Chemist: 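Below are the structure tokens for one structure; questions will follow.
The figures that follow rest on heavy atoms only: side chains count, while hydrogens, waters and symmetry mates do not. Since we're looking at a predicted model, the values are computed, not measured.
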Amino acid sequence: MQKDISVIISTYNSPDWLKKVLYGYNTQTYRNFEVIIADDGSDARTKDLIDCIQKEVFYTINHVWHEDNGFQKTIILNKAITIATTDYILMTDGDCIPREDFVEQHIKNREEGYFLSGGYYKLPMDISNDISKEDIFSGKCFDLDWLKEHGIKGSFKNNKLITNGIKSWFLNLTTPTSASWNGHNASGWKKDFYAVNGFDERMQYGGEDREFGERLFNIGIKSKQIRYSSVCIHLDHARGYVKPEMIQKNLQIRKQTKTKKSTWTDFGIVKK
């Protein structure tokens with residue numbers, strides 16, 4: 001059967017977190033999707049995990065990999081885009097466990113001329129470690145009472161876990177957070193990705209997702225906020241790959257994109 005949506009999950013040497021994420025996709029209420037792992041050079045542990053978990057989940061996993069050459073997420077994402085078999089693509093990260101209606105919300109809210117910007121609920125390291133397969137399959141890891149028992153404090157962000165229907169619609173409408181393209185939870189039409197030539201492969205960590213979204217804006221694509229409708233929980237991790245020079249270079253590229261209102265990168269899917 002032809003799938004309706006491609007879920008691209010980026011990862012790098014985090015098989016324990018990726019395993020939990022892939023279990024999350026086995027709980028989805030909407031099941032007509034494919035999963036593509038965009039692997040930025042992980043060692044054999046990730047391949048071994050995928051080979052093993054493929055026997056447990058209902059969906060097919062396509063593992064796209066290149067050799068480790070530092071932070072090259074934009075390159076592997078472009079490769080993943082080219083092999084997606086559907087017209088619509090959802091992008092997320094290998095440290096974000098999807099709630100059971102995660103894919104369904106993207107399908108329900110997709111619209112021509114728009115991309116969708118979802119949210120995440122960040123967990124501390126101790127709870128990230130404690131979440132089990134059973135907690136994911138039962139949905140306990142999204143239950144606020146369960147999380148409070150494990151030390152989560154009261155906060156406005158808790159609304160992401162407990163709202164639905166009219167209240168989530170209202171919070172999506174009134175949140176001051178901009179509906180930007182983000183790497184952990186965003187989706188759009190593949191034809192629009194090609195119209196801007198995908199991600200700028202010069203960019204490493206720091207705003208590379210935002211710059212992609214800014215070029216989508218520049219070709220006239222609008223964004224729709226679904227941060228209180230489409231929720232994933234973000235597992236904690238270190239960020240040893242972040243370097244100041246990466247951030248500075250990316251800021252310069254984003255400045256040019258905004259100043260020139262660029263709609264295309266010469267360093268994307270199609271190379272000159």
Side-chain angles (χ1 to χ4, degrees), residues 7-28 35 37-43 45-46 48-50 53 68 70-73 76-77 90-102 117-163 175 177 180-186 204-210 226-228 230-244 246-247 250:
V7 181
I8 296 178
I9 305 171
S10 64
T11 192
Y12 174 72
N13 276 338
S14 300
D16 292 339
W17 274 194
L18 182 61
K19 183 177 184 180
K20 298 182 183 191
V21 170
L22 293 176
Y23 281 143
Y25 283 96
N26 211 49
T27 71
Q28 295 300 296
V35 166
I37 305 296
D39 187 345
D40 192 18
S42 300
D43 58 36
R45 293 173 299 159
T46 294
D48 292 344
L49 164 67
I50 293 170
I53 208 168
D68 189 355
F71 190 95
Q72 299 289 341
K73 179 182 176 182
I76 201 64
L77 286 179
L90 164 58
M91 288 190 175
T92 184
D93 289 329
D95 52 17
C96 293
I97 302 175
R99 194 169 64 186
E100 65 178 6
D101 63 342
F102 187 74
S117 178
Y120 70 89
Y121 187 93
K122 191 171 183 179
L123 296 179
M125 184 62 78
D126 58 339
I127 302 179
S128 299
N129 282 318
D130 287 345
I131 290 174
S132 68
K133 176 182 177 179
E134 290 71 27
D135 296 329
I136 297 166
F137 281 2
S138 67
K140 281 184 180 179
C141 58
F142 289 93
D143 183 83
L144 187 55
D145 290 335
W146 184 87
L147 289 168
K148 285 182 176 179
E149 290 174 4
H150 287 73
I152 289 293
K153 305 298 183 184
S155 168
F156 184 81
K157 74 173 186 176
N158 293 346
N159 280 293
K160 291 180 182 177
L161 299 176
I162 60 176
T163 59
T175 179
T177 303
S180 58
W181 185 275
N182 56 68
H184 55 267
N185 186 352
Q204 295 178 284
Y205 181 84
E208 72 280 4
D209 302 307
R210 294 290 184 92
I226 61 167
R227 63 179 293 153
Y228 287 93
S230 175
V231 178
C232 56
I233 51 176
H234 183 276
L235 304 173
D236 197 14
H237 59 85
R239 289 176 172 80
Y241 47 79
V242 180
K243 298 178 181 178
M246 290 184 185
I247 305 294
N250 286 8

Chemist: Is the backbone of Gln204 close enough, under 3.5 Å, to the side chain of Asn250 for a donor and an acceptor to pair up by distance?
Modeler: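 Yes, Asn250 side chain to Gln204 backbone: donor-acceptor pair under 3.5 Å.
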Chemist: What is the ring orientation for Tyr205 with Phe71, classed by angle as parallel under 30°, tilted 30 to 60°, or perpendicular over 60°?
Modeler: perpendicular
Chemist: Taking the side chain as C-beta and beyond, is there a heavy-atom pair between Ile97 and Cys232 under 4.5 Å?
Modeler: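 No, their side chains stay 4.5 Å or more apart.
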Chemist: Can you check whether Tyr120 reaches Asn185 side chain to side chain, under 4.5 Å on heavy atoms?
Modeler: no
Chemist: For Asp68, enumerate each residue passing the salt bridge (charged side-chain N to carboxylate O under 4.0 Å, His left out) test, keeping only those at least two apart in sequence or located in another chain.
Modeler: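 Salt bridge (charged side-chain N to carboxylate O under 4.0 Å, His left out) list for Asp68, sorted by chain: empty.
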Chemist: Determine whether Cys141 and Ile233 make a side-chain contact, defined as any pair of heavy atoms from C-beta on separated by less than 4.5 Å.
Modeler: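 The answer is yes; the side chains approach within 4.5 Å.
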Chemist: Can you find a heavy atom in the side chain of Ile152 that is under 4.5 Å from one in the side chain of Pro124?
Modeler: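 With C-beta onward as the side chain, the pair touches.
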Chemist: Hey, what do you get for OG (Ser42) to CG (Asp48), rounding to the nearest 0.5 Å?
Modeler: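 Ser42 OG to Asp48 CG: 11.5 Å, rounded to 0.5 Å.
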Chemist: Donor-acceptor pair, Trp17 side chain versus Asp236 backbone, under 3.5 Å?
Modeler: yes
Chemist: Asp40: which residues meet the side-chain hydrogen bond (donor to acceptor under 3.5 Å, both in side chains) condition with it, sequence neighbours left out?
Modeler: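 Scan of Asp40 (side-chain hydrogen bond (donor to acceptor under 3.5 Å, both in side chains), adjacent residues dropped) gives His66.
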Chemist: Would you give the length of the straight line joining atom CD1 of Ile8 to atom OG1 of Thr11, rounded to the nearest 0.5 angstrom?
Modeler: 14.0 Å
Chemist: Side chains of Leu18 and Ile37, heavy atoms from C-beta outward: is any pair under 4.5 Å?
Modeler: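 Side chain of Leu18 against side chain of Ile37, heavy atoms only: contact under 4.5 Å found.
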Chemist: Using residues 19-28 as the side-chain source, report each donor-acceptor pair under 3.5 Å to any protein atom, sequence neighbours left out, with the distance given to one decimal.
Modeler:
unit_1: Lys20; atom_1: NZ; unit_2: Ser128; atom_2: O; d: 2.6
unit_1: Lys20; atom_1: NZ; unit_2: Asn129; atom_2: O; d: 3.2
unit_1: Lys20; atom_1: NZ; unit_2: Ile131; atom_2: O; d: 2.9
unit_1: Tyr23; atom_1: OH; unit_2: Glu56; atom_2: OE1; d: 3.1
unit_1: Tyr23; atom_1: OH; unit_2: Glu56; atom_2: OE2; d: 3.2
unit_1: Asn26; atom_1: OD1; unit_2: Phe58; atom_2: N; d: 2.9
unit_1: Thr27; atom_1: OG1; unit_2: Gly24; atom_2: O; d: 2.7
unit_1: Gln28; atom_1: OE1; unit_2: Phe102; atom_2: N; d: 3.2
unit_1: Gln28; atom_1: OE1; unit_2: Val103; atom_2: N; d: 3.0
unit_1: Gln28; atom_1: NE2; unit_2: Gly24; atom_2: O; d: 3.2
unit_1: Gln28; atom_1: NE2; unit_2: Arg99; atom_2: O; d: 2.9

Chemist: With a 4.5 Å limit on heavy-atom distance, are the side chains of Met91 and Trp181 in contact?
Modeler: yes
Chemist: So with a 6.0 Å cut-off around CD of Gln72, is the heavy-atom count from everything else above 12?
Modeler: yes
Chemist: Please list, chain by chain and in numerical order, all residues satisfying salt bridge (charged side-chain N to carboxylate O under 4.0 Å, His left out) with Asp39, sequence neighbours excluded.
Modeler: none
Chemist: Under 3.5 Å, side chain of Asp130 to main-chain N/O of Ile127, donor-acceptor pair present?
Modeler: no
Chemist: Tell me every residue that passes side-chain hydrogen bond (donor to acceptor under 3.5 Å, both in side chains) with Asp209, counting only those two or more places apart in sequence or in another chain.
Modeler: none
Chemist: Please name the pair of heavy atoms, one in Arg210 and one in Ser180, separated by the smallest distance, quoted to 0.1 Å.
Modeler: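 What the structure gives for the nearest pair is NE-OG, 3.0 Å.
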Chemist: If only side-chain N and O atoms count, and only distance matters, is there a donor-acceptor pair under 3.5 Å linking Ser10 with Asp93?
Modeler: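 Indeed, the side chains of Asp93 and Ser10 share at least one donor-acceptor pair under 3.5 Å.
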Chemist: Does any pair with a residue in residues 139-160 pass side chain to side chain donor-acceptor pair (under 3.5 Å), and if so which ones, sequence neighbours excluded?
Modeler: Tyr121-Asn158, Asn159-Lys167
